[in-house]
Amino acid sequence: VTRIFRPEAEQVAAELIVGSGNGLFSVVRETGFTCETCATPIPTGRGLRWCVPCLDHIRSGLPLADRVGSLIYALEDDSQVYKIVRNYKAEAYRETDLPRLMTAMLALGMREHWQCAMKLAPAASHGWAVVPSTRGRTKLRELVLEIGAPPLQEVALRYTGAVGGGRALHPENWALEQGVVIPEHVVVVDDSWVTGSNAQGVASMLKQSGALRVSSLAVARVMRPGFGANPEFIRSRLAGSTFDGHRCPWTGGECPD
Ligand SMILES: [Zn+2]
Ligand SMILES: [Zn+2]
């Protein structure tokens, strides 16, 4: 990957590798090897293109995000990266490194690759939203604003909880705040992606409300090390690899021209 960052971003990337206990792995995008939507490992040699949850989303017939970007894998439950994405919002971790490391990851994904999302989804108007916390926490939105997302482009959302949790897609669990005008393209930011039901539910709602394009950025793709194709993937692809912050979260490789 040939992309070069501004010096301060290079420093952020280097700091992140140390702060995450060297357990930071860039997302791998490879057809037939990882899910075309969420980049989770899938069983190889069977002509599969998606993981089971993403296939369920597609089969629902609801409109989905046009593109899902991710920066890193977070291995459950004891990796430092997983601890960061899981706990950075919690009051008990406020004085630790976790919020700062989460900010660094968001900054790499959003600041350095913001234009990439715009290039991949040409539109007359762009905006951003965060997936609202189902527990009313506002930390992610604060961090996104802190790293410089333009406040006037925010598409403010709330969690209605109309249908509740679970793996299925429920656009009605999410709503626009009153008076919000939807731009043609919305980048939806979340800290982590487990089944993707929340992020895709938000994408569905936005499209049903008039957005033409939705790009979904999940900082971390959460992965259970012992599940399905994961152990082999970790052994053959992640072990010994190093995080490369220049790798585009949207393409898994070079940034778009
Ligand atoms: Zn998937
Ligand atoms: Zn990029």
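The figures here come from the full heavy-atom set of this structure, side chains too, leaving out hydrogens, waters and symmetry mates. Note that the structure is a prediction, hence the values are computed from the model and not measured.
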(request) Verify the neighbour count for atom CZ of R141: are there more than 12 heavy atoms of other residues, nucleotides or ligands below 6.0 Å? (result) no
(message) Would you compute the distance between atom CG of D97 and atom CE of M102 and round it to the nearest 0.5 angstrom?
(response) 14.5 Å
(message) Do L157 and V188 have side chains that approach each other closer than 4.5 Å (heavy atoms only, starting at C-beta)?
(response) no
(request) Search all heavy atoms of L143 against all heavy atoms of P99 and return the closest pair with its distance. (result) CD1-O, 4.2 Å
(request) Examine V130 and V155 and state if one hydrophobic cluster contains both, with Ile, Leu, Val, Met, Phe, Trp and Tyr joined whenever side-chain heavy atoms are less than 4.5 Å apart. (result) no
(message) Between V186 and Q153, does the side-chain contact (heavy atoms from CB on, under 4.5 Å) criterion hold? Intermediate values first, please.
(response) CA-CA 9 Å; V186 185; Q153 287 181 17; over 6 Å; no
(message) Testing the basics here: between I234 and M223, what is the closest heavy-atom pair and its distance to 0.1 Å?
(response) CG1-CE, 3.6 Å
(message) What's the separation between atom OG1 in T96 and atom OH in Y88, rounded to the nearest 0.5 Å?
(response) 13.0 Å
(request) Quick one: pull up CH2 in W250 and CH2 in W114 and give me the separation to the nearest 0.5 Å. (result) 8.0 Å
(message) So does V163 get a backbone contact from the side chain of N173, meaning a donor-acceptor N/O pair under 3.5 Å?
(response) yes
(message) Are more than 12 heavy atoms, taken from residues, nucleotides or ligands other than R137, located less than 6.0 Å from that residue's CZ atom?
(response) yes
(message) Can you see whether S197 engages H170 through a side-chain donor-acceptor pair at a distance of less than 3.5 angstrom?
(response) no
(message) Could you tell me if the side chain of F233 sits less than 4.5 Å from the side chain of T40, heavy atoms only?
(response) no
(message) Within this structure, what is the CZ-CD1 distance for the pair R221 and I72, rounded to the nearest 0.5 Å?
(response) 12.5 Å
(message) What I want to find out is whether D191 reaches K89 closely enough, with some N-O distance under 4.0 Å, to be called a salt bridge.
(response) yes
(request) Inspect the contact between D66 and K207 and indicate whether a charged nitrogen and a carboxylate oxygen are less than 4.0 angstrom apart. (result) yes
